[in-house]
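No hydrogens, no waters, no symmetry mates; every other heavy atom, side chains included, goes into these values. Naming convention: chains lettered A, B, ... in sequence-line order (proteins, then strands); numbering from 1 in each chain.
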Amino acid sequence: MIESRALLPSSRRLQRTRLTPFAFLMPALVLYALFTAYPVARAFVLSVQRNVDGEVRFSGLAQYQRLLSDDVFRQALFNTLIFLVAQVPVMLIAALLIAVALNSPHFPFRSALRSAYFLPSIMSLVAVGTLFRVLLNEDLGLVNYVLREFGLAGVPWITHPWWAKITVMLLLTWRYTGFMMVIYLAGLQNIPPELYEAAQIDGAEPVQSFWHITLPLLRPTILFTTVLSTISVLQIFDEALIVTRGGPANETLTIGLYLYQTVFSSVDFHYAAAISVVLVVVIGALAVLQLKAGERGQT
Amino acid sequence: MRKRLATLVTFGIAAGITGLVSAQSPAAPATNPLKGNPDLKGEITVFSWAEASYSSVLPDFNKLYPNIKVKFATVGYADAYPKITASLAGNVPLADVVMIESERVEIYGTRFPNAFTDLSNWGSKFERNFDRTKWTQSVVKGKLITMPTDAAPVGMWYRSDLFDKAGINPQSIKTWNDYLEAGKKIVAANPGVKMSGIDATGSETLMRILIQQQGSFYIDGDGKIAVNSPKMVRALSFVKSAWDAGILLNVQGTDGLIGSIKASRVAAVNLPVWMIGVFKGYAPEQKGKWGVVQVPALTVGGGQSAYIGGSTLAIPANSPNKDAAWAFVEWYTTYGSKNVLEKRGSWPSFLPSLQAPVLNAQDNFFATPNVFAPFKQSAFLGRPLKYSSDYDKAVAAVVTAQASVLTGGQNVKAALDKAANDLKNQTGREIAGQ
């Protein structure tokens, strides 16, 4: 075998070496093309068409024009951005602090706590939705019952415009903080302990070590979690569907949920495709911005 | 009303039978919902979220058609429409018979005009035997794409013990204003109890009753947006005054509603005849306490009828067993609807079945043992009510308007105008009267 390969003309051998990485990448590329690139392209095609009595016709940018004047879409976009701006930082800071605490070897029950924090992210969303609806039921729910026992007023968790937003954000935080924490824990374990030892010898306080060692060395992890959670928050769908159903008065309607309603309730594929194209553009733009900001910070 | 009904029914049966004779054209399959046909063979699947409605009468169907085997593909309600949508969009066969609510027939019939078997040739002979409102909802662009199963007339269910405590006779509640005044007394006499529940931010069932009673709906017969019509203003104004009077309990979703019934937090429930099953199934301990009368009207002698829900059966065009599927759909929606009424209490759209003795039966679970009586009087809208192909968007806009009035403190007319504008921008429809 070895001899026969050595006999190959050198240019062909070179070509083969060049192609090798692509061969290894092939499965991933094929799957990406099939399940990501193709649907995005197809959505774009759908978005420039419309259904006239069951017949599909080219309609140019008509669907996008509809979007521009659609206040419900605008509200969904606004709500989604509120979730992004208010929830992602809180969740990431909480996840980081918990990860640092649980990374310390002296912390009691740390492996049990790690599992406990991680558990919500692997729970079935249907069970989570039912659980939250039962707990937060305004009239008969456990949470309001406990609040009333302490002489406090019950909270309109689902029906008040701002409380409903907070409910969705609490659910998101409860569900994903543990997941982000695990990523941070992995990042923390890659920081060489010698650095902390050296700092300690130099007389650094734990807070100083955190600012000057942990944070700078975690930068790639932080960037990764920021991009990841931005993308997932922009696509929030199930959390809003199962707990608030987008209410009250569309106050927790997200783009993802509006998209779902447009497809499965209104059966308006072309309009939904236009919404999804806008979502792709927004997510893409934000991801690029964040990565650029991350690169600039590094130099 | 009763006399008119009886004439209708007698006429209907006669028309139905002559219809059967004349329908023996070569194109029609050899079905007969009265006699059956043992020679008709096949296996069909019924897709629904209500298997028991179909399986409970299957033995009766199989007496007529012993060689048609019926199987079920059953999903939860929340999954049903996504599955139907996906199968229609991808032209992937779902089942031979598909359950679709009347409200959504036009959405599917408009987006997928060729996805359903046009049942006109087979089913038109029954047209005069059906509740007119239900029948017209099954016709989209001249094609009969589904056959109506149950209608869902609304009644005012009440807790007799809580009404007694406040000294209110439910029969005396004739108008929604009476309802509001009675509600105040009931709330005062029963600590912790409200007159009825409302899903202020999630559902518009009360609005739906009030607008149907005025002979209108969210999108009018010409396909124009009517969510901000004076009638809608009147409907939402009533909901707001009841809300402001503190007689409504804010419940979320079906679980919230059932919870409020179980916990004796509400004295009345304005929902269809199918609540019979809900009370028996979820609140058996409240036996003897629930009665039912007709829902109030907006004015004395005004319209009282309203429908919430009610279904139909379709045969997808890609079904390979259309003859057997039609045999089932035909029997189930016509003469078999009497059996469904007896077994499941579901109100037939096929008028001859309203002669079934069960409608006069006494059911001691209820404080008004002749539980079907109020529905007999108010079961018919008596006019077409089309839901339109943008039904779901209209419902969402109305829910939003209601929520912003009840929990966001917005003005009724302003909220409904915004709903109309949103709908206009979403659907491209015109606003009526503009």
Side-chain angles (χ1 to χ4, degrees), chain A residues 46 50-56 62-63 65-75 126 129-130 133-134 136-141 154 156-164 241-253 257-258 260-272, chain B residues 76 78-79 81-86 88-89 104 107-115 141 194 197 199-203 249-253 255-256 259-260 262-263 265 389-393 395-397 399-408 410 415 418 421-428:
Chain A
L46 280 173
R50 67 196 175 112
N51 178 332
V52 183
D53 296 333
E55 218 176 277
V56 174
Q63 304 290 359
Q65 266 166 349
R66 271 173 81 187
L67 266 185
L68 280 180
S69 54
D70 184 352
D71 280 349
V72 179
F73 172 73
R74 214 170 299 162
Q75 176 151 26
V126 178
T130 310
R133 280 183 82 81
V134 170
L136 298 178
N137 184 305
E138 283 163 29
D139 187 40
L140 303 164
W157 294 109
I158 289 163
T159 56
H160 185 278
W162 278 105
W163 278 112
L241 175 76
I242 52 181
V243 178
T244 59
R245 310 217 161 118
N250 295 336
E251 289 287 343
T252 57
L253 184 73
L257 185 52
Y258 191 48
Y260 170 83
Q261 289 174 349
T262 309
V263 174
F264 288 110
S265 193
S266 315
V267 199
D268 194 347
F269 300 131
H270 304 284
Y271 193 44
Chain B
D79 291 333
Y81 290 111
K83 278 221 154 76
I84 293 173
T85 305
L88 293 175
R104 304 190 62 87
I107 296 179
Y108 289 113
T110 310
R111 311 276 199 271
F112 305 102
N114 304 315
K141 294 196 194 299
K194 299 276 186 186
D199 189 346
T201 57
S203 156
L249 177 72
N250 197 358
V251 296
Q252 291 101 48
D255 40 349
S260 70
K262 281 290 278 188
R265 300 274 283 128
S389 59
D390 286 313
Y391 161 80
D392 67 296
K393 285 254 186 283
V395 168
V399 169
T400 301
Q402 174 182 286
S404 58
V405 167
L406 300 188
T407 67
Q410 238 203 321
K418 181 179 180 324
N421 250 321
D422 284 351
L423 263 182
K424 183 183 161 195
N425 291 331
Q426 286 175 322
T427 65

Of all the heavy-atom pairs spanning [X] and [Y], show the shortest one and how long it is.
X: B:Q426; Y: A:Y258; answer: NE2-OH, 2.7 Å
X: B:S404; Y: A:A249; answer: N-CB, 3.9 Å
X: A:L140; Y: B:A263; answer: CD2-CB, 4.1 Å
X: A:V267; Y: B:R111; answer: O-NE, 2.8 Å
X: A:S266; Y: B:K393; answer: OG-NZ, 2.9 Å
X: B:T201; Y: A:I158; answer: OG1-O, 4.4 Å

[atom1]/[X] to [atom2]/[Y] distance, rounded to the nearest 0.5 angstrom?
X: A:Q75; Y: B:T400; atom1: CD; atom2: OG1; result: 8.0 Å
X: B:L423; Y: A:D71; atom1: CG; atom2: CG; result: 11.5 Å
X: A:D268; Y: B:T110; atom1: CG; atom2: OG1; result: 11.5 Å

Fill in: Largest heavy-atom contact set with chain A, pairs under 4.5 Å, which of B:V399, B:L249, B:D390
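Most heavy-atom pairs under 4.5 Å with chain A: B:L249.
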Worksheet item: Can you find a pair of side-chain heavy atoms, one from B:T85 and one from A:F269, that are under 4.5 Å apart?
Response: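 Answer yes - side chains close enough.
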Practice prompt. Indicate yes or no: at least one non-hydrogen side-chain atom of A:T159 is less than 4.5 angstrom from one of B:Q252.
Written response: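 When only atoms from C-beta onward are counted, B:Q252 and A:T159 do touch, with a gap below 4.5 Å.
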Checking [X] against chain A: side chain, backbone, both or neither under 4.5 Å from a heavy atom?
X: B:Y391; value: neither
X: B:K83; value: neither
X: B:K418; value: side chain
X: B:N114; value: neither

Item to complete: Could you tell me which of A:D70, A:T130, A:N137 has the largest number of non-hydrogen atom pairs under 4.5 Å with chain B?
Response: A:D70
Item to complete: Go through A:H160, A:R133, A:E251 and name the one with the most non-hydrogen pairs under 4.5 angstrom from chain B.
Response: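 With the most close heavy-atom pairs to chain B, the winner is A:R133.
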Item to complete: Would you indicate whether A:R50, at its atom CZ, is surrounded by more than 12 heavy atoms from other residues, nucleotides or ligands within a distance under 6.0 Å?
Response: no
Fill in: Side-chain donor or acceptor of B:D422 paired with backbone N/O of A:V72 under 3.5 Å
no
